Amino acid sequence: MFSEDEYRLDFFVDEGFQRKKCEKCGKLFWTRDRARKTCGDPPCAPYTFIGSPVFRREHSLEEMREHYLNYFQARGHTRIARYPVVARWRDDIYLTIASIADFQPFVTSGLVPPPANPLTISQPCIRLDDLDSVGRSGRHLTTFEMMAHHVFNTQEREIYWKDRTVQLCDELLSGLGMDPMAVTYKENPWAGGGNAGPSVECLVAGLELATLVFMDLKAVPGGPIEIKGERYEKMPNYIVDTGYGLERFVWASKGSPTIYDAVFPDLVRKVADLAGVEHNLNDPEYSKIFAQNARLAGMVDLDEYSMKDLRAKIAGSIGISPEKLEKTIEPMERVYAVVDHTRCLAYMLGDGIIPSNVKAGYLARLVIRRTLRLMKELGLAAPVADLVLMQISRLDYPDWQERFSTIKEILDQEEQKYAETLEKGKRLVKKTAEHFRKMNQAIPLQEMISLYDTHDIPPEIARESAEEMGASVQLPDNFYSLVAKTHIRAEAKEAPKLVLPGKTELLFYEQPFDQVFEAKVLEVVDGSVILDRTLLYPEGGGQPADHGTLEKAGQVFRVVDVQKSGEVVLHKLERPGLEKGDHVTGKVDMRRRLAHARHHTATHLVHDSAKRVLGKHIWQAGAQKSEDRARLDISHYKRISDEELKAIELEANRRVMETVPVETRFLPRTEAEKLFGFELYQGGVPPGKQIRVVRVGSDIEACAGTHVTNTGQIGAIKILKTERIQDGVERIEFAAGEAAVRACQERDDLLGKAAGALRVPAEQLPKTANRFFEEWKGQQKEIERLLEELARARLKTLTAEAQDIDGLKVVVQRMGSADIEELLKAASLLAEQDYVALLGSETGKLVAAVGKSGLEKGVKAGSIIRAAAKLLGGGGGGKPDLAQGGGPDVEKLAEALKAGCEAMRAGS
RNA sequence: GGGCUUGUAGAUCAGUGGUAGAUCGCCGCCUUCGCAAGGCGGAGGCCACGGGUUCAAAUCCCGUCAAGUCCA
């Protein structure tokens, strides 16, 4: 907890603020109003702005954003452009959840200078935590813009701190026409993402408009300060992190019943019209219902409050029945949610997320499917793509307009996919329901979980169809938490990588083609030596380590692995023998190095070509190189066709033929981002202040790997195959340089062998193979037909030698080297004519069949076979009328048949 | 990254170790003035692929490929 000193600002004192304790929640807050008793935050205080706006006039979203950014620009802040909603510069979160996320971790840690200081930004953010409340609460959104001003203070230079921050906030609000008496600043320590600090929430008329965070702590185990159970210590740098809810400002300026009616009234109107839902806020009765709903919903946390209770309470306070309330607001709740969700999708897809079953793509699919369900409930037949495109055309991002057709294709495909999943689901439910209805049981919970978990059939839908079928289900209220439980597993914690002190100078960037270097052994750790300088590339960025040798006084030590740890490079040796202080001559295995370099540069080319051929939504999702091949994973929403693959291969090879120089240079991170954008981070986010930028023609990436100096050195690129490693991620495997030539040769060999086997030239292979296959199929049919005929023909011979055993016609015969099919045919024909048959072949196969009279007498084919096959050293079995078996001791066939014969007698 | 499920006829699926099936669709014939419906007959299967176990594998085991789905 923070002491009062942290909050007793000169600004508060000068302005006549008092520090008070909320009589309801006990939290401390600052106010100008001597009569105020509560902190101003629901549920301690109600919404009072609905119907009576807190600002002088109404602002649209665009007006409010401009007003805000201009205000801070006029006060010395630099306006910077928004970051994408996909946090590609982060490896810990998928979506941008706050404006400060743009600057974590390197700017906030002080490692990298901010793009401007102080700065102001309006950052679109996506949070899916409260998905279920969107539309219902009147205030929740999945997507919102967090307006902010940020200051990054250092020990050397303080720009401004708490006083100025609160003052700027206060004056911004007063300037918009807010009554200064109405605002409260509630003390609320903030912690998140490894940082923490004092913070105040700015509340007006029950609405939290802004949060002002003074981030000056970082998490340290055993640190002196405790906040929310974590230990922290002071940071040398300290940061003003503010967040102003753009949508809430707009809402406060309008005082409309819901935030949705304030933020996107035009789209709410359109969607309501499309769905045929009446929505007339000018009708005072109708408007009152929504206003009251929002006021009361604003007071509770929907997670903890049952919808039914809330509805009853609201209905009571307006004086209508809960049924009427529900009928009035439920369709609109869905309309609101659809409008919100489609805006969310516009941002997600516009910023390049590809729907998938994993990672950020899964979140996109989640929102898409939720939207489709809502639309279905509304009876809204329009394609979801149309609604999303409507959102996009409303937003001012020109590059998104270009992506219209891709986005439409993605959404249409998702819609179709979901329809198929549901269709399949319905059939499955039907089947399951029938099964359990027959058994006169309710469908067990386990089955319901499996339907949802494995086939995405929501239990509510499953119940509905099952009950239509006349089956009951077991469905507890805490269904989803039960599902979650089945997924809980102890997570394997990764051991923190040991960071060794010291520094190894990396020579391979400056001298990529030098082979020999002199160095000194700084340390020996577990059979690995640390050198003061090295030409050997340590594993990283999907490129394996170099190999080579270290030599001391004629002794040669092979280097079998090279790893980076902190700023030092560890060279793992095949055998021990080097000591601290030794001077060594190092040598790089250039063959391996060059093969890696070729594949690495080729990876950049294939990536760039894929982007040209498939579209701008292509992002690298992973990559791995080796000496003889490389693979590149890219985000793409469907399978890459053969034609596209050929086009990519050709494009990549064209860049090779153009002999483009490969440029590499180190740039300050912020500058590189400014110049080239986040497309730099295809291979993940490199740490550090300076990043190495590699440019190959039009492809520019942050990359620490070793490259050739000119694409011509790659020689050739041969794509070998594609694989779909996840929904939404395609893997392209290819070879470069010598490896490409060898790969082609291997394929030629295969082709040659295949053609040789059929004795045709390779060109005729497809045609011939096809012919062979067709002929083979035809012959299979012919064989079957002939077997049938043969069996019939033999029938006469076989029956001629029938013997009579206990009044049954019995045939026991050796059938030469006939196979099991032949025996089966013959035996079953005999059985049809009421014989008991036991047929054996010299290959050790036996078949027995029993006709009608035999069956009546209790003769079982299975027992006959078991008795006979035992003698052959094998086994057998089957049904009473037909059985088969065999064994390896073929020379005992005669005895076996005899034994079978005796079994017949015993059986009858 | 982890978990679960599924690949059988053109489609939807049955088949838990013993001669690969049903329904719809397709083709032919019958019935009918014609259509729909009905009756009779027929074509259509490397049971995803590759190994293994077994006398015997669509079925069991391992691997590969393809598809679906949930969670972080």
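Everything numeric here is computed off the predicted structure, so don't read it as measured data. Below, chain A is the first sequence line, B the second, and so on; all start at residue 1.
Candidate nucleotides B:U69, B:C46, B:G1 were compared by shortest atom distance to the side chain of A:N357, and B:U69 ranks first. The side chain of A:F773 sits closest to B:C46 out of B:G68, B:A66, B:C46. Proximity note for A:R639 (side chain, C-beta onward) versus B:A67, B:C46, B:G44: the nearest is B:A67. With B:C46, B:C70, B:A56 as the choices, the nucleotide that has an atom nearest any side-chain atom of A:K845 turns out to be B:A56. Nearest nucleotide to the side chain of A:R724, out of B:A67, B:U5, B:G45: B:A67.
For A:D453 against B:U69, no side-chain N or O and base N or O form a donor-acceptor pair under 3.5 Å.
Under 4.0 angstrom from either OP1 or OP2 of B:C70 there lies no side-chain N or O belonging to A:R365. Using a 4.0 Å cut-off, some side-chain N or O of A:K777 falls inside it from OP1 or OP2 of B:G45. Listed pair A:R369 / B:U69 meets the phosphate criterion, a side-chain N or O lying under 4.0 Å from OP1 or OP2. A close approach under 4.0 Å does occur between a side-chain nitrogen or oxygen of A:T421 and OP1 or OP2 of B:U69.
Separation of the C1' atoms belonging to B:G18 and B:A57 is 10 Å when rounded to the nearest angstrom. The C1' atoms of B:U23 and B:A56 are separated by 31 Å, rounded to the nearest whole Å. B:A9 and B:G21 are spaced 14 Å apart, taking the P atom of each and rounding to whole Å. B:A66 and B:C49 are spaced 15 Å apart, taking the P atom of each and rounding to whole Å. When the C1' atom is used for both B:G7 and B:G45, the distance is 14 Å, rounded to whole Å. Taking atom P on both B:A14 and B:A72, the two are 31 Å apart, rounded to the nearest angstrom. Between B:A22 and B:G15, the two C1' atoms lie 10 Å apart (nearest whole Å). For the P atom pair drawn from B:A67 and B:C62, the interatomic distance equals 22 Å after rounding to whole Å.
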Exercise for the section: Can you run through RNA chain B from 5' to 3' and write each base as (, ), [, ], | or . depending on how it pairs? Watson-Crick or G-U wobble, both distances under 3.5 Å. Expected result: (((((((..((((....[..)))).(((((.......))))).....(((((..]....)))))))))))).

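Classified by interplanar angle (parallel below 30°, tilted 30° to 60°, perpendicular above 60°), the ring pair A:H636/A:H617 is parallel.
Within the 4.0 angstrom heavy-atom criterion, only backbone atoms of the sugar-phosphate kind lie near A:K781; the bases stay farther away. A:E784 comes within 4.0 angstrom of nothing in the nucleic acid, heavy atoms only. Residue-level contact check: A:V847 touches neither bases nor backbone, having no heavy atom under 4.0 Å from any strand.
What you find for A:S828 and A:A849 is that their closest heavy atoms are N-CB, 4.3 Å.
In summary, A:E730 and A:R724 engage in a salt bridge, as defined by a charged side-chain N under 4.0 Å from a carboxylate O.
For A:W89 and A:F678, the distance between ring centers is under 6.0 angstrom.
Although no hydrogens or angles enter the test, the distance criterion places a donor-acceptor pair under 3.5 Å between the side chain of A:D819 and the main chain of A:E822.
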Between N or O atoms, less than 3.5 Å apart, protein on one side and nucleotides 18-20 of chain B on the other: list the pairs.
residue : atom : partner : partner atom : Å
B:G18   : O6   : A:G876  : O            : 3.4
B:G18   : O6   : A:G877  : N            : 3.0
B:G18   : N1   : A:G877  : N            : 3.4
B:G18   : N1   : A:Q884  : O            : 3.3
B:G18   : N2   : A:Q884  : O            : 3.3
B:U19   : OP2  : A:K879  : NZ           : 3.3

Can you pull every protein N or O that's under 3.5 Å from an N or O on nucleotides 10-14 of chain B?
residue : atom : partner : partner atom : Å
B:U12   : O3'  : A:R427  : NE           : 2.9
B:U12   : O3'  : A:R427  : NH2          : 3.2
B:C13   : OP1  : A:R427  : NE           : 3.0
B:C13   : O3'  : A:K431  : NZ           : 3.2
B:A14   : OP1  : A:K431  : NZ           : 2.3

